[in-house]
Amino acid sequence: MNVMTAISKSLMHVQNFIDQLSDAVILVASNDEIAAVNKHFLDLTEQTEFSAGGKHIDKVLLRHANGSEGTLLAVKGLINVKMSVGFLPIHEDFYRYYIVKEQPAVVHSCQEPLMKTLMNIVPDFIGIKDGDGRFVFANEFVGELFELPGFDFTGKTDADLAEIIPNYRDVFQYCIETDEQVWQAKEIVRCEEYVPARDGRTRFFDVYKVPVFHPDGSRKNLLVFGREITEKIESRMLLEESEARYRLLAENAMDMITTHKVDGTFTYVSPASYALLGKKPEDILGDTGYGMLHPDDEEISRKAHDELIQGPCTKTIPFRLQHKDGQYIWLETSCKSITDDTGKVVEIIGVTRDISERKKSEDLLRQSDKLSIVGQMAASVAHEIRNPLTSLKGFVQLLQESEQLDASNYYNIMDKELNRIDQIMGQLLLLAKPQVRTYKKVCLKEIVEFVKSLLQPEAIVQNVQFNTEMTESLPLIYAEENELKQVLINVLKNAIDSMANGGEITIRGEVIDGNIHVSVKDQGCGIPAERIQKMCEPFYTTKEKGTGLGLMVSSKIMKEHKGKLHFSSIEGKGTTVSMILPL
């Protein structure tokens, strides 16, 4: 029998022996190559067989500096083990054997000073329990959390801790219940747990529970990681309370509160929609609302919507929506665009109220202002009408007294005079009677010429001349023609009244910085600087018989046209009033 055969037979006896042991065993030859492993080693490393030929021990088992611990290479990764080392004589040689026992990887890591320090300094709950619920590790945060600094949790169950710290009995009972749910689920579970503090506050934790099983399916370890989220929970609770309050307000407000997507689709409609439009919120949700708009208001509404989605801004828009019964209701919406962190508009919020009564009052006020203008113009118009009437009366008397005259020579003159009277009366009626408000493309030159013609008689009586300087390429604008006429009449009449000794009024039309400016410059007495700011206030007037409503109504009309009135004046030299309108 040669030496190799003797060694092989000896190894067979050793193999049979170590297979009977309950721990994993590695047998290593004097050249540090693995000679044999037992069945428990295969089970531990989850292998069905092991080829030892020529494999160095350091390729399978990493021995730590303390000599009693190491890391074992397994199929699914590394296993932390404790080691016992000894020598075994086999045919005139000595073989080393390693008896290895598995220990929890995290526990082993915690025993390493660096890892243990790291796990203790993190402001999070870290705990590890065995399959029976006993703590095998708990970092320092756990002791501080339960007011037991420096306490050794090792070997204690949650039931034990409930007896040791009765103030937290409910917390530990909840942990027992959730731990069992995790074991039963056999998967990672995330939950929220709370811990009451002595100051009456409640601390909330976002907890992950990770079950770890042995290869045979039995319970091995439960890893518990908890991060405090008290501020987040409190903020969420405050937000929910705030949302509940605002929802209560929205649900009971007289105004209709809405939210919209960027495309205008309603995402929320408050119950006030029924009082305003006769429609329930669910009848409107998912719609854009354009189908309910009055045709004349669609363009201005779409333009405002385009401006809202371009960037954060606020818009107040008057418009008409169709009620369920078919009639149109005047509403006013104040909208604000909401942006995300990048500045992109993600939502639009609107508050809508019924302004029908306000519109009626404004219309009555405008009509009153028109009638006031008509009354003030009565004297000059009467003078202007008296002239053609006198001519007509003279021709009629002349024709009656002389039969020899050829009446056909005078008919043309009489017809012109009658047309002049008809024109003056028509202009007065157009100014005085109620008009349907219709926005359309209008020519400012034509409006200026109309108003000049209307006020020419009064200007002649006051020894005032009109001088017009209108740019030839002045573009058309989208407006309510009669309302702009009313504004210009008010401005021109004020200019005429300011020049007691007569003078010249210059009407200029031009485009400046993307806006149309129609300015009226007089040579009157001017307005003191301290009064300029009050010119558009209701019932404020500098004229002895003025109502104080003309410029207020005019200013309101200009605002509805997205424009404004601008005043500049020098006392003793005159005033310039500019009607500024967007293109």
Side-chain angles (χ1 to χ4, degrees), residues 64-71 78-84 101-183 188-213 219-234:
H64 296 171
N66 58 18
S68 63
E69 297 174 359
T71 303
L78 301 177
I79 299 174
N80 293 287
V81 295
K82 275 189 171 294
M83 300 183 300
S84 297
K101 295 182 179 181
E102 181 183 11
Q103 63 176 348
V106 181
V107 174
H108 170 75
S109 298
C110 292
Q111 291 173 350
E112 296 180 9
L114 181 61
M115 184 60 72
K116 187 173 183 179
T117 300
L118 176 63
M119 296 181 72
N120 280 326
I121 64 173
V122 295
D124 297 326
F125 180 112
I126 301 177
I128 305 163
K129 302 174 184 178
D130 63 19
D132 295 320
R134 293 186 295 266
F135 275 92
V136 293
F137 173 76
N139 68 344
E140 292 179 0
F141 183 86
V142 179
E144 295 171 1
L145 177 63
F146 294 109
E147 301 178 0
L148 291 174
F151 181 76
D152 185 7
F153 285 80
T154 306
K156 308 294 190 300
T157 65
D158 287 320
D160 296 333
L161 295 173
E163 297 300 324
I164 297 171
I165 327 171
N167 290 336
Y168 297 100
R169 187 184 302 277
D170 292 342
V171 177
F172 292 120
Q173 182 59 41
Y174 180 75
C175 290
I176 293 172
E177 294 172 2
T178 54
D179 286 357
E180 184 59 31
Q181 292 171 7
V182 173
W183 284 120
I188 298 174
V189 174
R190 183 180 183 182
C191 59
E192 287 182 3
E193 294 186 358
Y194 69 94
V195 177
R198 285 191 179 274
D199 59 5
R201 295 174 63 246
T202 300
R203 301 175 69 177
F204 294 90
F205 291 84
D206 184 17
V207 179
Y208 285 87
K209 296 193 174 185
V210 184
V212 180
F213 296 90
R219 299 176 181 183
K220 183 176 181 182
N221 291 107
L222 183 67
L223 312 182
V224 184
F225 305 94
R227 171 157 295 181
E228 186 166 8
I229 54 171
T230 303
E231 291 186 3
K232 180 180 178 181
I233 293 294
E234 289 176 346

Distance-only, no hydrogens or angles: does the Asp130 side chain make a donor-acceptor pair with backbone N or O of Asp132 under 3.5 Å?
-> yes

Salt-bridge test for Asp124 and Arg227: reply yes if a basic N is under 4.0 Å from a carboxylate O, no otherwise.
-> yes

With no hydrogens and no angle check, is any side-chain donor or acceptor of Asn221 less than 3.5 Å from a backbone partner on Val212?
-> no

For residues Val81 and Glu102, report the shortest heavy-atom separation together with the two atoms involved.
-> CG1-CA, 3.9 Å

Could you tell me whether Glu231 atom CD has more than 12 heavy atoms of other residues or ligands within 6.0 Å of it?
-> no

Spacing of CG belonging to Asn167 relative to CD belonging to Glu147, to within rounding of 0.5 Å | 7.5 Å

From Asp206 CG over to Arg190 CZ, what is the distance, rounded to the nearest 0.5 angstrom?
-> 4.0 Å

Using a 4.5 Å cut-off on heavy atoms from C-beta on, say whether the side chain of Asp160 contacts that of Thr157.
-> yes

Are side-chain heavy atoms of Phe153 and Val142 found at a separation under 4.5 Å?
-> yes

For the residue pair Thr230 and Arg203, what are the closest heavy atoms and their distance?
-> OG1-CA, 3.3 Å

Can you measure from CG (Leu148) to CD1 (Ile165) and round to the nearest 0.5 angstrom?
-> 4.0 Å

Identify whether the distance between the nearest side-chain nitrogen and carboxylate oxygen of Lys232 and Glu192 falls below 4.0 Å.
-> no

Run the side chain to side chain contact (heavy atoms under 4.5 Å, CB included) check on Lys129 and Asp179 step by step: do they pass?
-> CA-CA 10 Å; Lys129 302 174 184 178; Asp179 286 357; 2.6 Å; yes

Is Arg219 salt-bridged to Glu180, cutoff N-O under 4.0 Å?
-> yes

Given Phe135 and Phe151, is the ring-ring contact (aromatic ring centres under 6.0 Å, His included) satisfied, shown in steps?
-> CA-CA 12 Å; Phe135 275 92; Phe151 181 76; 9.6 Å; no

With a 4.5 Å limit on heavy-atom distance, are the side chains of Tyr208 and Ile188 in contact?
-> yes

When rounded to the nearest 0.5 Å, the distance separating CD of Gln173 from OG1 of Thr178 is 10.0 Å

Atom CD1 of Ile176: over 12 foreign heavy atoms under 6.0 Å | yes

List the steps, then state whether side chain to side chain contact (heavy atoms under 4.5 Å, CB included) holds for Tyr168 with Leu161.
-> CA-CA 8 Å; Tyr168 297 100; Leu161 295 173; over 6 Å; no

How are the rings of Tyr174 and Tyr194 set to each other: parallel, tilted or perpendicular (split at 30° and 60°)?
-> tilted

Working to the nearest 0.5 Å, report the span between CG of Leu223 and CD1 of Ile128.
-> 5.5 Å

Give a yes or no on whether Arg169 atom CZ has more than 12 heavy-atom contacts from other residues, nucleotides or ligands under 6.0 Å away.
-> yes

Under 4.5 Å between any side-chain heavy atoms of Val207 and Phe125, yes or no?
-> no

Least distance between heavy atoms, Glu69 atom then Met83 atom | O-CE, 3.2 Å

For the atom pair CZ (Phe205) and CZ (Phe141), what is the distance rounded to the nearest 0.5 Å?
-> 4.0 Å

